[in-house]
Amino acid sequence: MLDQRLVRDNPEIIASQLGRRGKAVDLTKLQLIAQQQRNLEEQRSGLQAEGNRIGKEVGLQIKSGTDPKSEDIANLRKQGNAIKQKVSVLEDEEKLLSSQLKDQLLTFPNLPSDDCPDGTSENDNVEVRRWGAPREEEGLEEHWQIAERLKLIDTERSVRIAQSRFVTLMGQGARLERGLINFMLDLHTKKGYREVLPPVLVNTASLTGSGQLPKFAEESFRCADDDLWLTPTAEVPVTSLHRDEIIPADQLPLRYAAYSPCFRREAGSYGRDTRGLIRLHQFNKVELYWFAHPDHSEEAHQQITADAEAVLQALELPYRVLDLCTADLGFSARRTYDLEVWLPGAGAYREISSCSVCGDFQARRSAIRTKEGKSTKLVHTLNGSGLAVGRTMAALLETGQQPDGRVRLPSALVPYVGCELLQPE
RNA sequence: GGAGAGCUGGCCGAGUGGUCGAAGGCGCAGCACUGGAAAUGCUGUAUAGGGGCAACUCUAUCGAGGGUUCGAAUCCCUCGCUCUCCGCCA
C-alpha cells in the first residue's frame, strides 16, 4: 500500500510513477478525499478535546461538593451532549472518507524503483547476465515426454482425483521432488536462512497484507465455510509471520526459507502449458524471504537473487537473469529479477524464480516496523523463489536426458535421490 | 460438535463509572556505585494520526464493532479469537 500522505501532499509522484507501469490514474479526487479527511480529523479532535475538558470539569465539581443536580452541572451536561452530537456527525463522515481512501489505496500497485527499467511489455525486460552453456541439440524430448516415459508422473489419473492441471508424482518422480525440496532447504539453511513450514491455509488479512487481495481474488482458491484461502505462495504466510510486529533493528535482516505447496487458479491461462509440470493448480516451492532494514534493501535484493541463483548453479542448470521492466513488475514489487532456466527440450528459457524487493509496500499493509531509538519505521520486505520445484524437475529432466533415454542427475542431487540416473523401473 | 473460562502495554498482572495510556513487577535502556562485574539505587521505556523548525502538544487505542453516560478498561448488546474439559480424529 502506498503512503496516504503521498496521496495528500504529492499525488503527482504517484501518478508519474504509476504511469511508468502503464497505469494512468487521476488522483485529484482521491487527493481531495485525503485532504477532507484530514480536515475532519482536525475538527473532530478539537471538539473531542473540548468534550474531555467538560467531562473532567464535571467530575471535579462533583468531587468538590457541587450538587450534581445544580444548574452549573446541568449546563455542562448540555454542552457535553451538544459536542457529542457534532463529533458523531464528523466521525461518520471521516470514517466514510478513510475507508474510501483505504479501499482505493489497496488497489494501487507499488511504485517502481528508480532503477527499474522502463517498458511497455515483457519485451522490454533487460537481460542482465547468463550462466552456463545451454544444450541446443535437435530431437531432444520435452520434460513431460520424459516424465511419462519414465512413469515419473501420472497425469490422466490426476484428473480423476482432482481435475486438469494437477499432477501425481510417482516412484522416482515423487522421490526426486522430495529430494529437491530437501536439497534446496539444506542449501539455504547452511547460509543462515531459518527454515519455515507455514500453514498453507491463510486468512483474508494475510492475503491482503502481502498484496494478493483485494485485487486478485480470482487467482486464489477459497474455502467455502471459513475465512481461509489456499496460499498461492509461501510469501503470504511468511509476510504475516511478523504482521503487526515491531522487529528490533539489531535483529534485521530476518531471513527465512519456507517450503510450501502453492495453489493457483490460473484463471485466464486456458490452453497454455497444458502438459507437464510448468503450470499447475498445485505445485511445490521453496521461498526465500527477507525482512530487511529500509536502508539495506537494495543490497539485500542482490543477495537474495544470488541465493536463488546458487540453487541453479549447484544443479548445473543454465539460466539467465532478467531485470523486469516497469510493465512486467508484479503488484507488490518495486523491482524484480526473474531467473529463467534453459529448457533444452522446449528450446526456451522459462521463469523458475522471481526475486523482488517490495520496499515498504507489504510492510505498510501488514504493519511490520522496526525501531531505532525513538522512531519506528516500516521494514522492507523481499521475496524470491529458491526455487519452484516442479519447474526445476522439468529443467533437470530436459537437461539431463541421455541418448539412451535415461536421465543423468547432477552430482549434488545424488545423495538426495539415491541414484545418478533415472531409468524405467 | 457440547460445556466452561478468558482476551489489559515487550511480557506477567492490578484495576467494576470520574483527572487511567492505565498501579506493581519482570524485561530493556541510561545514569550512579565498582578496578571491572554482580547486587543495589535513581531515571526513562506503547502504537497510530493531526499540529509545530523544535521543545512540545492534541486526538484515538485496555480483542473488534455498536450502545448507555457530561465522563467507560470498568455497565449493556453483537461478533471474533484463545484456553480448559468432554466427544471425534491424523
Side-chain angles (χ1 to χ4, degrees), chain A residues 1-10 30-103 105-106 197 199-209 223 225-229 237 240-252 254 261 291 294 360 363-379:
Chain A
M1 192 164 61
L2 306 177
D3 190 348
Q4 302 199 5
R5 273 170 290 211
L6 206 55
V7 176
R8 201 174 62 210
D9 303 327
N10 303 94
L30 207 57
Q31 181 185 25
L32 203 66
I33 288 177
Q35 288 173 340
Q36 279 177 343
Q37 188 251 333
R38 199 245 317 254
N39 289 343
L40 285 172
E41 182 181 345
E42 281 177 33
Q43 289 178 49
R44 190 213 71 224
S45 64
L47 279 171
Q48 281 175 324
E50 177 64 9
N52 288 343
R53 216 211 79 236
I54 292 171
K56 283 180 190 175
E57 176 82 26
V58 171
L60 278 174
Q61 290 209 15
I62 291 176
K63 210 168 200 177
S64 67
T66 310
D67 178 5
K69 296 204 168 103
S70 72
E71 187 98 349
D72 281 359
I73 303 272
N75 236 321
L76 288 170
R77 284 198 176 145
K78 227 162 115 189
Q79 285 179 43
N81 272 323
I83 286 172
K84 197 159 58 168
Q85 281 197 351
K86 283 191 209 160
V87 166
S88 102
V89 171
L90 291 177
E91 221 168 32
D92 287 350
E93 281 180 61
E94 195 187 331
K95 271 186 191 165
L96 186 69
L97 292 182
S98 326
S99 73
Q100 282 178 358
L101 181 61
K102 189 166 184 204
D103 288 352
L105 233 36
L106 283 173
L197 191 66
V200 295
L201 295 191
V202 297
N203 57 33
T204 297
S206 296
L207 277 165
T208 306
C223 298
D225 295 326
D226 300 280
D227 176 31
L228 290 170
W229 309 63
S240 279
L241 203 55
H242 292 292
R243 180 149 48 84
D244 294 321
E245 282 186 26
I246 296 176
I247 304 167
D250 60 10
Q251 287 180 20
L252 296 176
L254 291 172
F291 296 88
D360 61 16
R364 183 173 293 105
R365 289 172 161 247
S366 300
I368 307 168
R369 295 140 293 169
T370 187
K371 191 163 190 178
E372 271 177 319
K374 267 186 138 179
S375 69
T376 57
K377 35 181 142 172
L378 296 166
V379 301

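Chain A is the first sequence line, chain B the second, and so forth, proteins listed ahead of strands; every chain is numbered from 1.
Pairing for B/G27 goes to B/U45, judged as Watson-Crick or G-U wobble with the two contacts each under 3.5 Å. Under the Watson-Crick or G-U wobble criterion, with both distances below 3.5 Å, B/G87 is left unpaired in every strand shown.
Scanning for salt bridge (Lys or Arg N to Asp or Glu O under 4.0 Å) contacts around A/K377 gives A/E372, with sequence neighbours left out. Residues meeting the side chain to side chain contact (heavy atoms under 4.5 Å, CB included) test with A/S99, sequence neighbours left out: none. Residues passing the side-chain hydrogen bond (donor to acceptor under 3.5 Å, both in side chains) test with A/R38: none are found, sequence neighbours excluded. Contacts of A/N10 classified as side-chain hydrogen bond (donor to acceptor under 3.5 Å, both in side chains), with partners at least two apart in sequence or in another chain: A/E12. Residues passing the side-chain hydrogen bond (donor to acceptor under 3.5 Å, both in side chains) test with A/R53 are A/E50, sequence neighbours excluded. In this view, A/K102 and A/M1, A/L106 satisfy the side chain to side chain contact (heavy atoms under 4.5 Å, CB included) rule, not counting sequence neighbours. A search for side chain to side chain contact (heavy atoms under 4.5 Å, CB included) contacts involving A/D3 returns A/R5, A/L6, A/R364, not counting sequence neighbours. For A/Q48, the side-chain hydrogen bond (donor to acceptor under 3.5 Å, both in side chains) test picks out A/R44, with sequence neighbours left out.
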Sequence-aligned protein contact record of nucleotides 57-68 of chain B, with B where the base is within under 4.0 Å of a protein heavy atom and S where only the sugar-phosphate is: -SSS-----S--
Please list, for nucleotides 7-10 of chain B, all pairs of protein and nucleotide N/O atoms separated by less than 3.5 Å.
none

Provide a list of protein-nucleic acid N or O atom pairs under 3.5 angstrom, restricted to nucleotides 18-20 of chain B.
residue, atom, partner, partner atom, Å
B/G18, N2, A/G55, O, 2.7

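Shown here is A/Q35, whose CD atom has more than 12 heavy atoms of other residues, nucleotides or ligands within 6.0 Å.
Remark: A/K371 is in phosphate contact with B/U47, judged by side-chain N or O atoms under 4.0 Å from OP1 or OP2.
A salt bridge (charged side-chain N to carboxylate O under 4.0 Å, His left out) check over residues 67-77 of chain A, counting only residues at least two apart or in different chains, returns nothing.
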